Amino acid sequence: MPKPNPRHPGFPIPGGLDLRAKGWRQEALLRLLENVLSVGEDPDRLIVYAALGKAARNWPAHAKIVETLLSMDEDQTLIIQSGKPVGLLRTHAKAPLVIMANCNIVGQWAKAEVFYDLEKKGLICWGGLTAGAWQYIGSQGVIQGTYEIFMRIAERRFGGSLAGRFILTAGLGGMGGAQPLAGRMAGAAILVVDIDAERAEKRRAIGFLDVVASDLDAALRLIDEAVSEKRAISVGLVGNAADIYPKIEARGIVPDIVTDQTSAHDLVYGYVPKGMSLEEVRRLREEGPAQLMAASRASIADHVRAMLAFQKKGSEVFDNGNLIRTQAREGGVANAFDIPIFTEAYLRPLFCRAIGPFRWMALSGEESDIARIDDLVLELFPDNHIVTNWISLARQYVPFEGLPARIAWLGHGERTRLAVAVNDLVASGALKGPVAFSRDHLDAGAMAHPNIMTENMKDGSDAIADWPLINAMTLCASMADLVVIHSGGGGYAGYMTSAGVTIVADGTEAGAERLSHALTNDTSLGIIRYADAGYEAAVEAAEAGGVGYLPLGGTL
Ligand code: NAD
């Protein structure tokens, strides 16, 4: 039975063991579509997060997708183009059930203005990374990613602990709203600025923010006290980051870590320029988008100048994947890229071993299934400190949203081992129902994004989008259930291409075969991508993991 959803009463949380579709694979994908809306920011508009990240192009498209998933056979493949179903083809039972491409625009035309125009005409929709691919699991994924980034910084710069450290950031939206909890879990005193009082209140109501301060003085007092007592706290402040960051800097305060997760990728529907009220911005979105874009860019320039000033004074400053540096550079801040991107700065050694965000969703809706899989992870990987630490913390702090789910950083071999073991638990009845596995698009072989994932690659291959395309084709050839190619990234157009995958552990032998092929080949390709770019750790992982790498050495 679906569960009521107090946040969005019209979008119940899927669950139960009754099949509506003709098989669990189809049912699983339908439940994942229902799930991204149930945990989304504005499901009435099909928006899952990040201003325009949608689960389907429009309501007629959504209805057709649902109708098709309910009626299709296992040997058919549903084709979805930018959130609209366009065909149902006869394939075979080992082929993907759903193939999608979202927001791919030919190179020379891949610009925000072209995207907005096509979107207005109803010809395209932006899927973010997980929205259009029906893989979003609420804040949990971002909590984990942000927490792990903070902990990698703690290891590098602060002796492994953030107790007594001050993190300054902004953005309390769909993704950014996870920052206060992640910061508190990491033991820090974290201040998060957002221009929208409603967003701040929402995060306070669910306990991610301890308090919303009345003004900057009060916020800094709370942070100061917590820092001196080495006590974790998460403080929200309603204000414009482009005002607040420079004010904090002008007071001579140097936070230990500075980042930002406002929707800087979107100069029209996302970022709010300083000096403008939300009402004014909403009006200009319709009446003066060009004026709004210019104002946002100028404001982001000030925002980033303050971040650079903090960096100069010794703060650990990083871009958390919202394109703020790119926008600032276009707004005249020539040295915006002195700020490193989090992937290159902290995660690349993990990607070399295809370690990245791997997630699983209990399709039964039963939290006990996730608890059982948590135990299994601890049993299978007792020596993997990052994963065991995260699972223990997540159990304690991370609330379930929508379908009970978990995410953890697992790599080549580990993902396959876990998924096949879960499939066995489904088969034996130890779990109440089937489980779906997916991983973030921000994964070793899956994303080309020269400003996020592949910035400063060792061999200069940052902008080559062959890899995610090969990734998607490999996944189709490896029996995955859903395969998707996304483009856009922040900025909607031209910044990135990525591939996504979902596979269902339905407890069958065919399920085990699908999981084994798709997950093993997916992570193999991740290692191959980094080995090919010349990363020694990836070459070693390729040799150790038997990934089928064909080293050619120098290619000139
Ligand atoms: P969102 O649109 O849901 O929320 C953005 C928030 O920023 C809103 O609450 C808004 O009020 C606030 N805001 C806008 N301008 C502001 C300003 N000048 N000062 C203070 N607050 C301001 O977006 P989201 O889903 O939270 O995503 C945030 C950004 O992070 C996006 O750019 C997204 O693409 C990016 N992102 C990156 C990663 C990653 O790879 N690490 C993952 C997910 C999202």
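Counting starts at 1 for both ligands and their atoms, in listed order. All of these numbers come straight from a predicted model, not from anything done at the bench.
- Separation of atoms CZ (Arg203) and OG (Ser139) is listed at 5.0 Å; rounding is to 0.5 Å.
- Listed by number with element, the atoms of ligand 1 under 4.0 angstrom from any heavy atom of Tyr271 are 14 (C), 15 (N), 18 (N).
- With a 4.0 Å heavy-atom cut-off, ligand 1 is reached by the backbone of Met175 and by its side chain too.
- Between Tyr49 and ligand 1, a contact under 3.5 Å exists for no N or O pair.
- Residues forming a side chain to side chain contact (heavy atoms under 4.5 Å, CB included) with Ala408 (at least two apart in sequence, or on another chain): Trp360, Val387, Trp390, Ile391.
- Residue His265 has at least one N or O atom closer than 3.5 Å to an N or O atom of ligand 1.
- Here the shortest heavy-atom distance to atom 28 (C) of ligand 1, taken over Met496, His441, Gln261, belongs to Gln261.
- The shell of residues lying under 4.0 angstrom from ligand 1, judged by heavy atoms, excludes Ile452.
- Note on ligand 1: Ala170 sits outside its first shell, no heavy atom being nearer than 4.0 Å.
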Listed pairs under 3.5 Å, donor-acceptor, residues 464-471 side chains, sequence neighbours left out:
from   : atom 1 : to     : atom 2 : distance (Å)
Asn471 : OD1    : Arg439 : NH2    : 3.0
Asn471 : ND2    : Asp522 : OD1    : 2.9

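- Remark: Arg348 is not positioned above the aromatic ring of Tyr530, lacking an NZ or CZ atom under 6.0 angstrom from the ring centre and at most 45 degrees off the axis.
- The CD1 atom of Ile143 sits 10.0 Å away from the CZ atom of Arg184 when rounded to the nearest 0.5 Å.
- The distance from the CD atom of Gln135 to the CG atom of Leu32 is 8.0 Å, given to the nearest 0.5 Å.
- Proximity of Gly53 to ligand 1 is not established, as no heavy-atom distance is less than 4.0 Å.
- One finds the OH atom of Tyr535 at 11.5 Å from the CZ atom of Phe351 (value rounded to the nearest 0.5 Å).
- Residue contact check for ligand 1: Glu41 places no non-hydrogen atom closer than 4.0 Å to it.
- For Asp194, the heavy-atom gap to ligand 1 drops under 4.0 angstrom.
- Compare Gly141, Ser263, Ala242 by their heavy atoms: the one nearest to atom 2 (O) of ligand 1 is in Ser263.
- In terms of N/O distances under 3.5 Å, ligand 1 is not approached by Phe342.
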